[in-house]
Amino acid sequence: MKAGVIVFPGSNGDHDAIYAMGEVLGQQADIIWHTETNVSRYDLIILPGGFSYGDYLRAGAIARFSPVMEAVKRFAEAGGWVLGICNGFQVLTEAHMLPGALIRNDNLSFSCRWVHVAKEQSKCVMLEQVPNGTIWRLPIAHGEGRYFADPDTLADLAANGQIVLRYTTAEGLSDPTANPNGSSEAIAGVCNKAGNVLGLMPHPERAAEALLGGDDGRLFLQSVVDAWTERNASTRNALSEGEPQLAR
């Protein structure tokens with residue numbers, strides 16, 4: 001897999017993502033500067049955590065206008081995979097590539113802690129090989145991580161299989177105390193209707209090795225690589241048999 005990690009002024013999770021994808025998982029991982037206008041050479045685009053443009057106006061509001069975002073939109077529309085982590089999730093909502101919004105935590109404080117998230121049944125292609133109910137222990141670090149959507153949008157998300165992750169207890173149970181920021185329906189991650197754009201607030205790239213306090217993030221990211229590998233293999237098999245090429 002060839003992964004490209006977008007770097008905006010103020011990004012601080014870019015090298016964590018590069019390290020996790022490259023050194024830990026053994027994939028090609030490159031830095032992409034925010035002025036780039038073509039990202040089609042990659043299989044996965046990662047929008048990392050941080051404080052793009054200092055979070056002026058609101059988190060992600062300025063980064064959405066970076067030249068690279070038009071390239072990311074074209075990439076996603078063509079079926080490319082896009083993963084937005086924390087600030088990257090905020091950028092994707094501001095760019096209207098994902099529904100809803102990320103607003104101030106309900107306690108109005110920055111939250112830096114470990115949380116548990118459970119995989120929901122969804123159409124997210126990046127996690128399609130992961131059993132529903134799988135739980136990951138991952139860190140968060142955000143002040144505007146409260147996912148919000150109006151009731152109609154929440155109903156649509158559920159009906160369309162776009163709710164990918166929810167905050168839970170370590171046992172996978174729903175509990176208000178497990179929701180670290182007051183997110184609507186404890187939502188920690190959502191995807192677009194096509195399932196190829198995923199945004200989440202927890203940081204899997206910061207939990208890629210046990211030395212960091214936990215390595216569930218490695219399992220999460222490996223699941224993305226495995227899903228891509230499986231789809232790529234299916235495409236090659238279909239081509240060898242003379243069938244139409246599958247959309248990536």
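As the structure is a prediction and not an experimental result, all values here were calculated from the model.
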**Asked** Nearest 0.5 Å, what's the OG1-CD1 distance between Thr37 and Ile32?
**Response** 11.0 Å
**Prompt:** Do the side chain of Ser11 and the main chain of Gly13 share a donor and acceptor less than 3.5 angstrom apart?
**Reply:** no
**Message:** Taking the side chain as everything from C-beta on, heavy atoms only, tell me whether His142 gets closer than 4.5 Å to Asn181.
**Reply:** yes
**Item:** Nearest heavy atoms of Gly80 and Asn196, plus distance in Å
**Value:** O-ND2, 2.7 Å
**Asked** Tell me the salt bridge (Lys or Arg N to Asp or Glu O under 4.0 Å) pairs involving residues 184-195, sequence neighbours left out?
**Response** Arg166-Glu185
**Request:** Could you pull out the closest heavy-atom pair between Val225 and Leu25, with the gap in Å?
**Result:** CG2-CD1, 4.1 Å
**Request:** Using a 4.5 Å cut-off on heavy atoms from C-beta on, say whether the side chain of Gln222 contacts that of Val24.
**Result:** no
Could you go through residues 146-155 and list every donor-acceptor pair under 3.5 Å that involves a side-chain atom there, pairing it with any protein atom two or more places apart or in another chain?
{"from": "Arg146", "atom 1": "NE", "to": "Gly182", "atom 2": "O", "distance (Å)": "3.2"}
{"from": "Tyr147", "atom 1": "OH", "to": "Pro99", "atom 2": "O", "distance (Å)": "2.9"}
{"from": "Asp150", "atom 1": "OD1", "to": "Asp152", "atom 2": "N", "distance (Å)": "3.0"}
{"from": "Asp150", "atom 1": "OD1", "to": "Thr153", "atom 2": "N", "distance (Å)": "2.9"}
{"from": "Asp150", "atom 1": "OD1", "to": "Thr153", "atom 2": "OG1", "distance (Å)": "3.3"}
{"from": "Asp150", "atom 1": "OD2", "to": "Thr153", "atom 2": "OG1", "distance (Å)": "2.9"}

**Asked** Taking all non-hydrogen atoms of both residues, which atom of Val190 and which atom of Ile163 are closest, and how far apart?
**Response** CG1-CA, 4.5 Å
**Message:** Contact between Leu127 and Val224 at the side-chain level, heavy atoms closer than 4.5 Å - yes or no?
**Reply:** yes
**Item:** Residue from Ile45, Leu47, Leu200 passing side chain to side chain contact (heavy atoms under 4.5 Å, CB included) with Leu83
**Value:** Leu200
**Prompt:** What are the two closest heavy atoms between Ala76 and Val197, and how far apart are they?
**Reply:** CB-CG2, 3.8 Å
**Message:** Taking side chain to side chain donor-acceptor pair (under 3.5 Å) as the definition, give me every residue that meets it alongside Ser122, ordered by chain and number, with sequence neighbours left out.
**Reply:** none
**Within residues 213-228 or reaching into it, pairs that qualify as salt bridge (Lys or Arg N to Asp or Glu O under 4.0 Å) - sequence neighbours excluded** = Asp215-Arg218
**Set of side-chain contact (heavy atoms from CB on, under 4.5 Å) partners for Ala118, sequence neighbours left out** = Ile135, Thr168
**Request:** Determine whether Gln129 and Glu230 make a side-chain contact, defined as any pair of heavy atoms from C-beta on separated by less than 4.5 Å.
**Result:** yes
**Prompt:** Minimum heavy-atom separation for Ala188 to Val117, with atom names?
**Reply:** CB-CG1, 3.8 Å
**Prompt:** Are Val5 and Asp30 side-chain neighbours, meaning at least one heavy-atom pair lies under 4.5 Å?
**Reply:** no
**Asked** Do Lys2 and Trp228 come close enough that some side-chain heavy atom pair is under 4.5 Å?
**Response** no
**Asked** Out of curiosity, Gln28 CD to Ile18 CD1, how far, rounded to the nearest 0.5 Å?
**Response** 9.5 Å
Donor-acceptor pairs under 3.5 angstrom involving side-chain atoms of residues 48-58: please list them, not counting sequence neighbours.
{"from": "Ser52", "atom 1": "OG", "to": "Asn87", "atom 2": "OD1", "distance (Å)": "2.9"}
{"from": "Tyr53", "atom 1": "OH", "to": "His34", "atom 2": "ND1", "distance (Å)": "3.1"}
{"from": "Tyr53", "atom 1": "OH", "to": "Ser66", "atom 2": "OG", "distance (Å)": "2.9"}
{"from": "Arg58", "atom 1": "NE", "to": "Glu94", "atom 2": "OE1", "distance (Å)": "3.3"}
{"from": "Arg58", "atom 1": "NE", "to": "Glu94", "atom 2": "OE2", "distance (Å)": "2.6"}
{"from": "Arg58", "atom 1": "NH2", "to": "Glu94", "atom 2": "OE1", "distance (Å)": "3.1"}

**Item:** Summary of salt bridge (Lys or Arg N to Asp or Glu O under 4.0 Å) pairs that have at least one residue in residues 196-210, sequence neighbours excluded
**Value:** Asp16-Arg206
**Asked** Between Asn38 and Glu36, is any side-chain donor less than 3.5 angstrom from a side-chain acceptor?
**Response** no
**Asked** Should we say atom CG of Leu173 is surrounded by more than 12 heavy atoms from elsewhere, each under 6.0 Å from it?
**Response** yes
**Phe75 side chain reached by Glu70 side chain, heavy atoms, under 4.5 Å** = no
**Prompt:** Closest approach of Leu138 and Ala207, non-hydrogen atoms and distance?
**Reply:** CD2-CB, 4.3 Å
**Message:** Is it the case that the side chain of Ser223 and the backbone of Leu219 share a donor-acceptor pair, with hydrogens and angles ignored and the cut-off at 3.5 Å?
**Reply:** yes
**Message:** Checking Lys119 now: which residues fulfil side chain to side chain donor-acceptor pair (under 3.5 Å) with it, not counting sequence neighbours?
**Reply:** Asn132
**Residue pair Leu44 / Met1, side-chain heavy-atom distance below 4.5 Å** = yes
**Asked** Hey, is CD on Gln121 packed in by over 12 heavy atoms from elsewhere, all under 6.0 Å?
**Response** no
**Fill in**
By side chain to side chain donor-acceptor pair (under 3.5 Å), Ser174 pairs with (sequence neighbours left out) none
**Message:** Tell me which pairs pass ring pair (Phe, Tyr, Trp, His ring centres under 6.0 Å) where either residue lies in residues 184-224, with sequence neighbours left out.
**Reply:** Trp136-Phe220
**Message:** Once side-chain contact (heavy atoms from CB on, under 4.5 Å) is applied, do any residues pair with Arg113, and if so which ones, sequence neighbours excluded?
**Reply:** Ser111, Val115, Ile140, Pro180
**Request:** Apply side chain to side chain donor-acceptor pair (under 3.5 Å) to Asn160 and list each qualifying residue two or more places apart in sequence or on a separate chain.
**Result:** Gln162
